[in-house]
Asks: 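Sharing a structure with you now.
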Amino acid sequence: MPLPIRNYAQLSKIKHFYGSKFLLNEKIHDKILDKLKIEKTFKNPKEMKVLDLYSGPGQHSAIFYNRYKPNQYGVMESRPDFQKILKEQYEGSPIQIFAKDPYEWTSYTDLIDSEKRFVPEKQPHESLNDKFMVIANLTNSAHEGLLMQWFNCIGNTNWLQRFGYVKMLLWVPVSSAIKLLAAPGMHMRSKCSVVREAFTDTNLVAISNGIEKKLFDKNLFESNDPFIFQNEDTYPQRGDGIALLEVNPKKHITDLDNWDYVTKHLLILRKTRLKDAVESLGHGAKDYFSQKVEDPTFLNKYPVDLTNEDFNYLTNLFNLWPFKPDIYMDFIDIYQEEGMM
Amino acid sequence: MLRLPTRTIRKSSLIPKRLISLKGSHLHKPASDIFSNSSSSNSGVGQSLGFMKSSQISMSPGFDPFDRSHAAASNQTTQSRDVMQLWSLLEACICSKYYNRAFSILQSLYMVGSHRPYFIDDYNMYLESLVENGLISSINELDKKLSDDLQNTFKDVDYNDRTLAIMVHHALKYNHFQLETQNHLKIYFRMSVRGIRSILSHVNILTISDYAALHADLKMISLNDIPEAMKPLLENKAQERKKLDREKPDMLEREKVSVGGNSLDVDPRKIEADHNKCIFSLDQEVKPLEKDAATLKAVDTLNMRVVRHALLGLSLNEKQKEQISKFNFDANSNLLNVDEKKSLDFFEIYRSLTTEEDKSKFEKALDDFNQERQRALENRATDAAKERWKHDFEEAKARGDISIEKRLNVKLWEWYSAMLPLVKEEVKLCSQVFAGYANEKKNILKMDAKQDKARLDYGPYLSLVDPEKMCVITILELLKLNSTGGIIEGMRTARAVISVGKAIEMEFRSEQLLKSESQAFRDLGKNSHELKRYLQRAKSTFRSMKIEENKIMWPQTARAKIGSILISMLIHVSKVEVEGVDPVTKQKVYGEAPAFAHGYQYHNGSKLGVLKIHRSLVHQLNGERLVASVQPQLLPMLVKPRPWKNWKSGGYYYTQSTLIRSKDSPEQIAYLKAVSDANAIDTVYNGLNVLGETPWTVNRPLFEVMSRVWNSGKQFLDIPGVQEKLTLVPPPPREADPSVHREWKLKNKELANKFSSNRSTRCDSNYKLEIARAFLGEKFYFPHNLDFRGRAYPLSPHFNHLGNDMSRGLLLFWNGKRLGPQGLKWLKVHLSNLFGFDKASLNERVQFADEHVNDIKQSAQDPLREGAWWMTAEKPWQALATCMELNDAMKLDNPEDFISHQPVHQDGTCNGLQHYAALGGDIDGATQVNLVPNDRPQDVYAHVAKLVISRLQVAAAKGDELAMILKDKITRKVVKQTVMTNVYGVTYVGATFQIDKQLSNIFEDRKYSLELSKYLTKHVFSAVRELFQGAHLIQDWLGECSKRISKSIRLDVDEKSFKNGNKPDFMTSVIWTTPLGLPIVQPYRETNKKQVTTNLQTIFISDPFGVNPVNARRQKAGFPPNFIHSLDASHMLLSAAECGRHGLDFASVHDSYWTHACDVDKMNVFLREQFIRLHEVDLIERLKDEFDERYRNYVQIARVERTSELAKQIIALRTQLSKELGRQATLADEIYLEKRRVQMLQSEDPQEKADAEKMVTTVSLVEAIGSIEPIESKKSDASTLVILTPLRLPQIPPKGNFDVRELKNSKYFFS
DNA sequence: GCTCTTACTACTGACAATATCGTTAGTACCCCC
DNA sequence: GGGGGTACTAACGATATAAGTTTTAGTAAGGGC
C-alpha cells in the first residue's frame, strides 16, 4: 500500500519553511525520477538504503519510497514544524524519522555507529556504492557552507562518504549550482568548482525556470538536459530558484592539504598571470616555479583558466619545493590587540 | 526602600538657581557657602565649572560643526574632503619645490567657494616658500608677483598681515640701509590690515635679525611692537652687536658662566679639551642632522659644561662627583641610558641632596640638560638606528664575519644599502615626471605613462623626507609590526603600508619643525647661558605656533601609496639565508629568499592581504632588543610636557597631539575647537596639566628584581616565559570524521592564539622593561590627553602608570615626601589593598600590614626567595615595591621620618555606581558604594551576592531546580565582574559569559554551567536593578534619549540623506557637555570604507573626513556608560586640579587616584569635595535641558494609525502639497517646509513671523495635538502612516532623596 | 481577551578585505552640417 | 565653426570569496491566565 502524499496546497500551509525551498509537485518529482534512472546505479533498488537529509515535509521522500520501495528510507529533520508534519504523516510507516540535526556531525555518528539505527553498507572506494544513496535539501542559503563541506567530505572520504562513493541527490539554490558547475575560465570559476571537478562527476538534473543558461557552462544544458520546472511548483515561491544536482563521487588525488593551499591561493589572483601569481605562494616562489615549470607558455596562463589537472601539476611542484612555507600556518588567529592610541 | 519625593518637588526648589545660572549671571555665587573652605575659591569658573559657557557655545546658532574650522571646508562632505586632499598635496608640492604644480593646486583651491575666506593662508604658505628658497630675486619681483596673483589669478582674495610679514622678511634680505628697501618696508607697514603689531606678531616668519634691523637700525618699530618672547633675544642681540663692533669676542671670557648666582671658575684648557672631544665624538658617532647643526652643537657644548659645573657645585660625595665629571653631558650622545655603565643616576643624586637649595639648583641644571635631550630625543631616532646598523655591519666586516646567522643589524644595514639607491632612483623619476608636468606632458610608452600617472599622485610626498630616512623608517616599521593583526609570522599589508606612510609623515613634520626652528634662530649662535632661557622660551612660543598652524594631515590614500612604494622596494631587496629540506633526497638545502613576501590569507571567506616575514628572520627578531625602534613620541618625556593651552597644543615638543584622541571624527573636533577657542574648558586643561607635571622616576630596586626574572627567561607572575617557536598539532588522517578535523583546526588556532598572545605580552613587557631601563635614574613626565569621553590617558603607550601591575610597580614619584604619622598608616593600608584586603576598616588594614611585618621584611630583602610573601598579593609587583618602601622606612629609628616616593592609591568602590547612585539619589545604592558615612567600608559585591542568594532561596522554595543547585554556590566573586560591568552596559550575553567563567570552576559540564550562568545572570541583573533602582531608571532614560536622538533628523538635513526614500539616513549623534564644559560627541558612525589601490594590493580603508550616518545601535548602547565615564573623568580632573593647587603630586588611573602617602588624607578631602561639587547640581535635569535645547526643532519618524484624526489631516495636507509640487511630496519636502516655518518664526520681520504662525506643516499638526502616544503604532503595514513628529525626550525619572552632601564625611568613599 | 513568553527571522559592521567585472560619468576628439 | 555624437577611460559600485554557525534585537505568534 503506497504511502499517502500530500499536495502543494496542503503542504504550503506549514508555518515556517526556515528559509528552505521545496519542489512540491508530485508529478514533476516523478518526471525527475524518470530522468534520473537511479536503477542504473542501484541495480536492485529494493536493497538500497536512502538517507534523506533536511527532508522538509517529506513529499519527495514518500514519492521516492512508493516508487522504489528501498530497503530502508530514513529522513533526518531537525526543524520543529517539519518534524511535526513528518510525524503526523509517516510515524509508523516504512519511512523512519530521525529527529536529528543534519548539520551536526555527531548526528551521523550517533545514528550509524552508536544507535545503529541506520547502517549503510560500506563498499570500497572504487565505484559508486550501489546500496546507499543520500538525498538532501540544502536550499537554505545559510546551508551553503554545509554543502561545500559535504563536497570536501567526498575528498576526505569521511562522513557518509566513508561508505564508498555514495551518490547524492542535492537540492541547492541555483546560485550554488552555478558556483559548483562553473568550468575553467568562467566568471564563477572558484575553488568550489575545482573541488567538484576534482572529486565528482556532477550533473544538473532539474532546475527552476527562468534561469539564464549563459550562467552555466554552455555545454552543460546540452549534455545534462536538465528538467525545467516552474517556480509555481515550489514553496515558498519568493526567493531565487533551486536546482537538483546528481553528485557522483569519483577517484581523486589524496594530497589534499597542499592541493588546497595551492588552489586557494592561486585563485585569489585569478586574472594574474601564473608566473606572477605564484609568488603569493611563499617567499621566493616565483623563482622556484619559473625554474621548475618546463612549458614556458604555461606560466603565462591565468589561474582562472586552469583545470584540476593543472592544479594537480602545480601542487606536485609545490610539494617538491624545499623552501615551501608551512601550509598549516595559513590562518589568522582571532582579532585581538589594538589598544587605544 | 526608596522613598520618593518626586523629582518635581526637588526640581521646584532648584529652579531659581538654575534660572540664574542659565542666564550666565555673574551674580550667581557658588553654592560653596556650605563649604567655607578653599575648594571653590577658584575664581571665575566657580560653580558652573565651565558647563554653562561651553554648552552655550556649542549650541549657539552661529556654530556649525561641519564647518572648515576642523579642516573640512564646508558641510558638503565631498568638498571638504577635496580641500583636505588639495591641502596636503599643496603642502607636499611646496616642500618638494614643485611650484608649478603647487600653483595649479592653489588655483583649484581657489575654485572651492566655501574655502575662499581661508585661501590666503594657503597662498601665504606658497609665497613664504618661494621667498625662503630664493626664487624671488628682487623686492620688485615679489611685489609684482603678489599684485599679479591677487589682482588677476585670485581676484577675490586679499592679503593679510602674514602676507605682509613675508614681504617684510623678504625685503630685509636686501640691504636695508638702502632707501628703496626702506620705502618698500614703509609701504608694507602702511598696508597693514590690523596694525604693525599684527605684522610683527609672525615670529615664525620674521627672524631676530629682522626685528633687529627694523628696530635698532631703521627705528621703524618700537620695542613695544615686538612680541614679548622675542624682546630679550633682541636686546641681547643688540648688545652682542655692539660688542662685535668693539672687539673680537674673548673666548676665555665667556667661559665664566654663572648659574643661579654662583660664579664658577673653570680651567679654560680643560674646557677646550672637552669641547674638542665632544665635537670629535659627535662627528664619529652621529652624523650631524643638518648643515647648521654645527652651530647648535656649540651651544650644546657650552650648555653641557654649565650643567656639569652646576652639578659639581652641589654637596656630593666623591663617587658622585667622579661620576659627574666622567659623564658625557652631550645631549646628542646621551639620549638615554642604553648602556648602564655610562649612565648617571640622577635620582640617586637628587635623593642624596640634603638642602632644599641644593635640590632646587640640581633640578634646575637637570631641567636644562633635559631640555636639550628631549629635543635630541624627539628628533634623532631614525639616525640613531641607522648608525647602529652601520656600526654593527662594519664591525662584522672588520672581523671577517661570514656566518650564516648574520647579526640582525648587519642584515638590516645590507637591506638599507640595497634599498637606498632604489628609493633615490624613484625620487628622481618622480621629479622628472614633475619636470615633464611643467613643460606639458609628452607621450611615452603606455606602461610608463601609467606609472608616471601614479607618480604624479605620490611623487610630491615621496620627495619630502630624505631617502635615507625613508629606508630606515620602512625597515623599522615592518620589524615592529611583526606578528601583529593575528598573522603568525607577518602582518597585515594594510596596516603596514599605512604605518610606514604615517611614520614618513611624522618624520616630515618634525623635520619641518626643526628646520624652520633652526632657520628662525640661526643668527643666535654663541651666546651666554642666560640667553638660553630666553631662547628656549622664544623657541617654545615659536614651536607652539608652528604646531598649531599645521592643520594638514596627509590623506590615508597618500600614506598608503608611499608606504606601499617603499615596502615593495624593501621586499624586492631584502634577502635572508634560508635552509630547507629537499622532500625527495631529504638533504638539507641552503638558499636565499626574500625576507618579506606579500600574499593573502582567508578569514571567513574574506581575503586579507598579508606581509609575511621569513621564519629565519622571525627567530632572530625574537631575541633582539627592539627598544631602539620605539618612536620617541611614544616615550615619557624628560621635561615637563608642553602645557595644554588649546585643543591642539600640548604634550610633546615636536609632535602635534590633540586634546582628544578622536578616531576620525571631524564633528568631535569641531565642537572641541569651538569651546577651546572660547576658552571654555580651562578647567580641563588645568587638570590635565597637573597630571602631566607630576615627575616620576623608575624604582631601581624593583627594576633589578624584574630584570633578573626577565633574563631567566622563565615564566614568572604575569610575565610569560620565552617560547621557542610555535609547534602545531599535525593534521589528523584524511578520512577522520569531520568533527575531528574541526577539533584539530580549533586546537591549532588556540595554540597559535596562545602563542602570539604570550609573545605579545612578553614583547610588551620587554618594551616596558627596556624603556624603564632607559629611564633609570631619570626624572620624567607623562604627557596626557583625553579619550572622547574626557578620560585622561598618558600619550606614551608602552610604559606608563595605567599599565599593568608590572609598570605600576616600576614607577615612583620623583619627589619625595616625609611620611609622617598618617603617611605611615596609609602606606600600610596601601599594602593591604594591594593584597586585595580592601574591604576591612582602615585600622584592620593597618593591622594586616603590622601582622605581616616579617613577611614585609623578608619580601623586601630577598624578593626572589621561593614562595616569597609578596607574590601572593593580588598586585604582586606593586606590593613588592611597597614592601621595600615600608622596609626601608622601618629601618629608621622613626619610620615617620622616611622620605617616601611610593604612590599610594585610593580607589573608588565601583566608581560608576557611585556616580549613578548620586544621580539617582538611591539611598540603598549610595550606602552600598560608600557615599554614606559608615565605620566600615561597604562591599557592594558581597551585598549583591546576598541579594541574589535570597532570590534564589525564594525560587528554590518554589521548586526551581536551578535555583536549588545554585543557591549555595553564590559568592562575592561570582557576581563581582557582572555588577561592575553592569554599569558599563554589559549585554546579557556578555554577563552570562563572565558568570560562566566563575561557574565553570565549580561545574564540570560546560553546557550545564552555561545554562546555569544564563539563569543566574537574570537574577544578578534584577538584584542589581533592585538595589540601584534610581540608577537603573536613569540608565534606561539615558538609553531611551540616545535612541531617540540618534534616530532624529535635523531640519537643515542634507537632501542626500533621503536617497532611500522615506527611510532617511540618520545623522544626529548624541552630544553633551560635561560639567567641566568639555563637549562630548559620540563618534559612532557607519564607517565608509573604500578600496584604495596601492602598489602591492588594494587596501580597504575609511576616509576620515566623511560624515556618515550614525550607528544608532552603538549610539544607544554607548551613551549610558559614556555619560558616566564623562562624569568620572570630570571628577578626576577636578580632583587633579585641586590637588595640584595644593601642591600635591597627583596621578590617576580613571577611578584610582594616587598621591604621596602623607597627602592621602588631604587628597581624600579634596576628591570628596569635588564629587559633591559635581553632583550638587541635578546633572540629569541639566542634561535634559541641554538636550532639549540642542535638539530643539529636530524631528523624528513615527507611525500612527491611519484611521486617526491626525493621520487624516496629514494625508490631506500631503495630497495638497503633492498637487502644488506636481509630484509626490516626500518627507524631505515636509522637512523643508518645516524648516521654513521655523526660520520664519525666528524672523525679525513681524509680518513674516505672523505668516509663520499661521503656516501649517505636517509637523505643526503633530505639535498641535501634543502627544501622539494614543494613536502611535508599532506595526509597519498598510494600516499605519509614517509621519514626522517633533523630537521629544521622555520625562526624567524620579530621584530618590539621597543628598550627596552626606558624602563629605564618608571616609570609605575612595579607599 | 489580555499579557507574557517563546521562537523565528530579520538583522550584518565586526564577510573588522580584496580581486575583478560591469556600469556610468566624464572627456576628448572627430565628423558633419 | 559649432554642435553633436562617438569612443575611450577613469571612477565607482557590485559581487564573489571559504566553508562549522553567528549576535542580537525585534517581531510575531502562541499559550496561559
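No hydrogens, no waters, no symmetry mates; every other heavy atom, side chains included, goes into these values. Just so it is clear, the structure is predicted and the values come from calculations on it, not from any experiment. In what follows, chains carry the letters A, B, and so on, assigned in the order in which the sequence lines appear, proteins first and then strands, with residues in each chain numbered from 1.
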Asks: Round to a whole Å and report the spacing from NZ of B:Lys1089 to C1' of D:dG13.
Replies: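 One finds 18 Å between C1' of D:dG13 and NZ of B:Lys1089, rounded.
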Asks: What verdict does the side chain to side chain contact (heavy atoms under 4.5 Å, CB included) test give for A:Leu281 and A:Leu266, after you've listed the backbone C-alpha separation in whole Å, the side-chain angles of each residue and the deciding distance to 0.1 Å?
Replies: CA-CA 8 Å; A:Leu281 292 179; A:Leu266 287 181; 4.3 Å; yes
Asks: Please compare B:His603 and A:Thr272 by the position of their nearest nucleotide in DNA chain C and report the one closer to 5'.
Replies: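 Mapping each residue to its closest nucleotide by heavy atoms, the 5'-most match is B:His603.
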Asks: Can you list everything that forms a ring-ring contact (aromatic ring centres under 6.0 Å, His included) with B:His598? Sequence neighbours excluded, please.
Replies: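 ring-ring contact (aromatic ring centres under 6.0 Å, His included) list for B:His598, sorted by chain: B:Tyr600.
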Asks: Of all residues at least two apart in sequence or in a different chain, which pass the side-chain contact (heavy atoms from CB on, under 4.5 Å) check with A:Ser12?
Replies: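 Listed in chain order: A:Tyr8, A:Tyr235.
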Asks: Quickly work out the B:Gln1091 CD to D:dG13 C1' distance and round it to whole Å.
Replies: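 Atom CD in B:Gln1091 sits about 10 Å away from atom C1' in D:dG13.
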Asks: For the residue pair B:Arg1025 and B:Asp1036, establish whether any side-chain heavy-atom pair is separated by less than 4.5 Å.
Replies: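 B:Arg1025 reaches B:Asp1036 side chain to side chain.
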Asks: Does A:Trp159 have its ring centroid less than 6.0 Å away from the ring centroid of A:Tyr108?
Replies: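 Yes: the rings meet the under 6.0 Å criterion.
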Asks: According to the Watson-Crick and G-U wobble definitions, with both distances under 3.5 Å, which nucleotide is paired to D:dG20?
Replies: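 Per the H-bond distance test, none.
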Asks: Does a side-chain N or O of B:Thr1093 approach OP1 or OP2 of D:dA11 to a distance below 4.0 Å, or not?
Replies: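 B:Thr1093 to D:dA11 OP1/OP2: no side-chain N or O under 4.0 Å.
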Asks: Examine C:dC8: is either OP1 or OP2 under 4.0 Å from a nitrogen or oxygen in the side chain of A:Lys15? Give yes or no.
Replies: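 Negative; the distance criterion is not met.
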Asks: Is B:Glu743 salt-bridged to B:Lys745, going by a charged N under 4.0 Å from an acidic O?
Replies: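 Not counted as a salt bridge, because no side-chain N and carboxylate O are separated by less than 4.0 Å.
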Asks: Rounded to whole angstrom units, what separation is found between the CZ atom of B:Phe1100 and the P atom of D:dC12?
Replies: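 Interatomic distance, CZ of B:Phe1100 to P of D:dC12: 14 Å.
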Asks: Rounded to whole Å, how long is the line connecting atom NZ of A:Lys84 with atom C1' of D:dG30?
Replies: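 Atom NZ in A:Lys84 sits about 11 Å away from atom C1' in D:dG30.
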Asks: Strictly below 4.0 Å: does B:Arg492 bring a side-chain N or O up to OP1 or OP2 of C:dA17?
Replies: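 Result: yes.
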Asks: Considering only the P atoms, how many Å lie between C:dA10 and D:dA19, rounded to the nearest integer?
Replies: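 Here C:dA10 and D:dA19 have their P atoms 27 Å from each other.
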Asks: Before you tell me yes or no, could you show the steps for A:Arg189 and A:Arg270 under side chain to side chain contact (heavy atoms under 4.5 Å, CB included), namely the whole-Å CA-CA distance, both residues' side-chain angles and the distance that decides it to 0.1 Å?
Replies: CA-CA 9 Å; A:Arg189 180 68 170 179; A:Arg270 58 217 305 276; 4.0 Å; yes
Asks: How close or far is atom C1' of C:dC21 from atom CE of A:Met186, stated in whole angstroms?
Replies: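 To the nearest whole Å, that distance equals 15 Å.
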Asks: How many whole angstroms separate atom OH of B:Tyr1015 from atom P of C:dT5?
Replies: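 So the OH-P distance, B:Tyr1015 to C:dT5, works out to 14 Å.
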Asks: Only pairs under 3.5 Å count here: list side-chain donor-acceptor contacts from residues 140-152 of chain A, not counting sequence neighbours, and write none if there are none.
Replies:
| residue | atom | partner | partner atom | Å |
| --- | --- | --- | --- | --- |
| A:Asn140 | OD1 | A:Ala142 | N | 2.8 |
| A:Asn140 | ND2 | A:Tyr18 | O | 2.8 |
| A:His143 | NE2 | A:Tyr54 | OH | 3.3 |
| A:Glu144 | OE1 | A:Lys179 | NZ | 2.9 |
| A:Glu144 | OE2 | A:Ser176 | OG | 3.1 |
| A:Glu144 | OE2 | A:Lys179 | NZ | 2.7 |
| A:Gln149 | NE2 | A:Gly145 | O | 3.4 |

Asks: By nearest nucleotide on DNA chain C, pick out whichever of A:Asp81 and A:Leu269 is the more 5' one.
Replies: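 So the residue in question is A:Asp81.
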Asks: Should A:Glu104 and A:Lys100 count as an ion pair when the cut-off is N to O under 4.0 Å?
Replies: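 No.
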Asks: When all nucleic acid strands are considered with a 4.0 Å heavy-atom cut-off, which category describes B:Pro738: base, sugar-phosphate, or nothing?
Replies: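 Nothing: the residue B:Pro738, judged by heavy atoms under 4.0 Å, touches no strand.
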Asks: Using the P atom as the point on both nucleotides, what is the distance between D:dA18 and C:dC11, in whole Å?
Replies: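 Roughly 26 Å separates the two P atoms.
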Asks: Does the protein touch nucleotides 16-23 of chain D at the base, only the backbone, or not at all? Give it as B, S and - per nucleotide, heavy atoms under 4.0 Å.
Replies: BBBBBB--
Asks: How would you list, by chain and number, every residue that makes a side-chain contact (heavy atoms from CB on, under 4.5 Å) with B:Asn604, sequence neighbours excluded?
Replies: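 For B:Asn604 there are no side-chain contact (heavy atoms from CB on, under 4.5 Å) partners, ignoring immediate neighbours.
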Asks: In dot-bracket form, 5' to 3', how is DNA chain C paired? Count Watson-Crick and G-U wobble pairs only if both distances fall under 3.5 Å, and write | where the partner sits on another strand.
Replies: ||.|||||||......|||||||||||||||||
Asks: Starting at CZ of B:Arg1114 and ending at C1' of D:dA25, how long is that distance when rounded to a whole Å?
Replies: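 Spelled out: CZ on B:Arg1114 to C1' on D:dA25 is 17 Å.
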Asks: Please state how far atom CD1 in A:Ile332 lies from atom P in C:dA16, giving the value in whole angstrom units.
Replies: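 So the CD1-P distance, A:Ile332 to C:dA16, works out to 10 Å.
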